[in-house]
Each structure stands twice: as structure tokens, then as C-alpha cells.
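To keep things clear, I will list the structure first and then write my remarks on it.
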Amino acid sequence: MATKSRKKTGANSELIAKIIDRSANVGVIGLGYVGLPLSVELARVGFKVTGFDISKDKVKLLNSGRSDIDDIGDAEVKKMVASGNFRATSDSKLLKKMDTISICVPTPLSKTKDPDVSYILNAVNKVRQHIKKGTLVVLESTTYPGTTEDLILPILEESGMKVGVDFFLAFSPERVDPGNATYTTKNTPRVVGGITPACTQAAKIFYEQTIPNIHAVSSTQAAEMVKLLENTFRSVNIGLVNEVALMCDRLGLDVWEIIDAAATKPFGFMPFYPGPGLGGHCIPIDPHYLSWKLKSLNYYARFIELAGDINSHMPEYVVERITSTLNRRFARSLNKSSILALGVAYKRNIKDMRESPALDVIKLLEDKGARVYYNDPYVPTFKWNEISHKSSKLTRDLVSNVDLVVILTDHSNYDYQWIVDNARAVFDSRNATKAVKKHRNKIERL
Ligand code: SAJ
């Protein structure tokens, strides 16, 4: 916990003093997988945190000491609330008491695959109505370069206040990796970029109180671009390795063997793994914020679009492979076959299903006439396209009676040997069965 004191310079000296002595009232708008962990860390180091959320149910749940986020347990919320350092509210009028405001709201894509910054605008307009002199506003939501300066700054200056003098505005990308117990909000280095040097300094000192390693960049646009590079790097490399999987299939090679062997190279290589597609609310989406912005500058971001194309076709490829497996092994067509899908969350060991490719695979299988059951220990039920689905109990009877089991999310708590022992055939899109010793002849992999 960095409680470094700073030579108080510039227009933000009063704010910095309040941040360092913890008398600053801290506001967090959006209490999801980013805002809630941030609130926990800020409360932990002694700030009085007010969490703002439009969901009254979420506000009620948090104030009663319970969590709806995978990475934050009820005990942490209960402790934070009991300490008196946190309360949740839907009343945006309380923003007028805040000395710092962190905006952690969703930035999805619209139906036409354009950035949807409506959540950011909704939050910023509430801040504009209530912001007081000397406040630090930091946007954390992933967005295209220019959002903070071109969209948010003019709205906040409608208050008549001057940025860098009367209030401070910066961008600091969230880097939460849901389900990652090693790297959490409090030990993941942070990038900050302000509209003015005084804004950058205020943001740097604010985050230093909870995170030891803060890296300042020259502008809000630079900070916005850093995050998009991080996530585009992942999307493009996942797209590459998904295409390598398609190549290996045609070459009669085992893509998992190839990647594991390449990963023995101690430098200049970083393993990514093929899968049924790209899920989550970040990796499939954030790169399109960047390509959208570049289109407005008459530049076509080819890598982003190509990776998006490959990644979004993986569900179809998985269904093609299942179809040929049923055909080859049992002379069965997909139509009227029975399939058990294991895992619907978008990645292992979490319950989040946003943009999960498992849903696309299940829909494609059903569209081709298969009877699909699913099991996911993290997702007991879900509703999709107005249809409710319920996780089937993972019994020997079910596993042994379906024509094929497809592994879509490699949750660690599955007994993969037991599954293979009892299944007629297994299509493994995650290499989850790599440690399975017996009956490997039943397994096909991406
Ligand atoms: N995936 C693959 N192959 C891989 C890695 C991932 O198919 O080699 C798939 C996953 O199954 C998942 C999707 O890609 O469906 C996204 O996976 P992810 O590991 O990037 O997970 P996210 O989106 O939950 O979190 C990411 C963060 N992950 C990591 O850095 C490991 C990080 O990029 C961001 O902090 C976060 O998105 C965000 O909020 O932007």
C-alpha cells in the first residue's frame, strides 16, 4: 500500500492531501467485475467509498453484505460494509459529496457492432450534474482513443469548471482478469493518463494508495490505446492459433502437441490455445472499438477484422467436427442425435456467460436437429433467446446414453477420466482431457 507523501504542487494539492490522509470521499460508478473489486481495495486502505449502481437489487445485495461477482466473496463485502468504509446507492445526488469518482461501466457493442458508449454518457451526465470543485474523475471502462478528451471532457466543462484547475480528468484502463487468483486489482500494475499533467498526477497518486506500480503515460488517448493494444494482442493471437488448429486438422497434425512443443522456446513465443470461439465482454469486443475508430480515420484494421472473422467461425467449426465424428464413428447424422455439452461459461472456473461461444455451438447443434443437454456446475440455469435452460445432473446414465459429449468449457472440477470412461465419444474443444490415460481412443480434439 503506497501511502507516499508527495510534494504538493499544482492545482490539485488540496485533493492530493485528502487522498493521502484518506479524508477524500471516493465514488465508484458501476459495481460489476471491475467496480466492486476496486471498491474493496479502496475501502481496505481506509477510504470511505460510495458505490453507485443503477441496479437497486445490486445495491440492496451489497449493502446486505453479499456479492454477485465471482472474484469477490460475501465475506469481503460483509467486512467492507461492516467497516463503515462502503455503502452502495442508486442516488446519484450523492456524487456531489465525492472528491474522486471512478467510472467502471460497461462498454458493449451495439447491434451494428459499433461502440455503445451510452453507459459512459449516462454516468458522465450524472457526474456533470453533481460534480464539485476539486474532484478527480477517472474513466476505467475500455473504450476507443479519444473518448475521454472528445466526449467526456466537453460534458464535464459544461459545469463551467476548467479541467486541470477546477476538476481533474484521467483515463486508467481496468485490467481485471476474472477468475485469476494470482493477479488481482491490488497487485496488477496500472496505467494512467490525464488531460493535463495535474490530472495525471492526481490519478497517479490516487491509484498509488492501493496499487504499488503505477505507470503514467502522456495523455488519455495513450492510456485508452494501451488497453486496446493489450486486448487486441489477445484477440489476434487467439485468432492465429485458431487458424493453426484448422491448418493442423488438414495436415493431420495435433495442434496441442505443436503448441506445447513451441512453448518450450523460452523467448520470443507466448502460447495461446485454440477453443470453440471467443467469449467474455472484453476480448471479442474491445478490438472492434479500435477498428471502428480507425475506420473514421479511413484506416481498415485488417488484423482485428481477420481475427474477429476466424474467432467467430470457431463455433461452426466445432459443429462440423462433431458432425464428422458422429458420422465416422457411428454412421449417425447430427439430426436426432443426442449431445451433452459440458460447460457454458465463457472460460473455465467462472459463471459468466457473456458472449460465450458455447451458446453458439449449442444453438448450431439444435438448429441441425440434435437433442442437446448441458451441464455446468457454475451455471445451474440460464435464459437465452427467451428459452430457459437447466443444467442436467452429471450422471453415469446421462453420460453413457448420449451419442457424444462435447467439452466446451474446461472447468477444473470435472472428472475427465470418469467422463471418458462412461461416454461413447468425447469431442474436446479445450484439450481438457490431456491428462486422461484410459480410453483415449474415444476422444477427438480440436
Ligand atoms: N481464449 C482462447 N484461447 C486462449 C485464451 C483465451 O480461446 O489462449 C478464450 C477464452 O476461453 C475466453 C476468451 O478467449 O472465451 C477471453 O479469454 P481471456 O483469458 O482474455 O479472458 P477475459 O476476457 O475474461 O479477460 C481478459 C483479461 N485476460 C487476460 O489478460 C488473461 C484481460 O485481457 C483483461 O484484463 C480483461 O479481459 C478485460 O477486462 O479487458
Side-chain angles (χ1 to χ4, degrees), residues 30 32-38 69-71 104-109 139-144 171-185 187-191 223-246 255-256 258-260 262-263 269-290 307-308 310-315 317-318 343-361 376 378 407-412 428-432 445-446:
Y33 81 97
V34 175
L36 187 60
L38 176 64
I69 301 292
D70 279 326
D71 292 346
C104 308
V105 295
T107 44
L109 287 177
L139 176 64
E140 295 205 4
S141 309
T142 306
T143 185
Y144 59 81
F171 183 82
S172 177
E174 56 87 5
R175 282 175 162 176
V176 175
D177 180 21
N180 189 327
T182 309
Y183 292 107
T184 63
T185 299
N187 68 358
T188 301
R190 269 273 175 163
V191 168
E224 289 158 340
M225 187 63 182
V226 165
K227 173 69 178 182
L228 291 174
L229 171 58
E230 289 168 13
N231 282 5
T232 301
F233 167 78
R234 292 186 66 72
S235 164
V236 168
N237 278 287
I238 294 164
L240 169 65
V241 81
N242 279 331
E243 183 163 55
V244 169
L246 273 58
V255 66
W256 306 99
I258 305 299
I259 294 167
D260 286 348
F269 181 78
M270 177 178 181
F272 286 84
Y273 299 94
L278 215 42
H281 32 282
C282 311
I283 307 305
I285 289 166
D286 299 347
H288 294 288
Y289 269 67
L290 182 56
I310 292 168
N311 290 328
S312 60
H313 279 85
M314 289 311 282
Y317 177 65
V318 166
V344 290
Y346 78 81
K347 68 174 185 179
R348 74 169 77 97
N349 304 341
I350 63 171
K351 67 187 177 204
D352 199 333
M353 294 177 55
R354 280 175 286 188
E355 310 289 324
S356 175
L359 298 177
D360 299 311
V361 172
D376 189 318
Y378 291 83
I407 299 170
L408 294 172
T409 311
D410 49 335
H411 290 311
S412 309
D428 179 1
S429 75
R430 297 285 193 171
N431 198 22
R445 295 183 296 176
L446 259 189

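Both ligands and their constituent atoms are indexed starting at 1 by order of listing.
Considering OH of Tyr346 and CG of Leu359, their distance stands at 13.0 Å, rounded to 0.5 Å. A distance of 7.5 Å separates CG in Asn187 from OH in Tyr183, rounded to the nearest 0.5 Å.
No side-chain N or O of Tyr289 forms a donor-acceptor pair with one of Glu224 less than 3.5 Å apart. Looking at Asn431 and Asp410, their side chains never bring a donor and an acceptor atom within 3.5 Å of each other.
For the ring-ring contact (aromatic ring centres under 6.0 Å, His included) test, residues two or more places apart in sequence or in another chain that qualify with Tyr378 are His411.
Between the Arg190 side chain and the Ser172 main chain, a donor and an acceptor come within less than 3.5 Å of each other.
Contact residues of ligand 1 (protein heavy atom closer than 4.0 angstrom to a ligand atom; sorted by chain and number): Tyr33, Glu174, Arg175, Val176, Asp177, Pro178, Lys227, Asn231, Arg234, Ile238, Phe272, Tyr273, Leu278, Gly279, Cys282, Ile283, Asp286, Tyr346, Lys347, Arg430.
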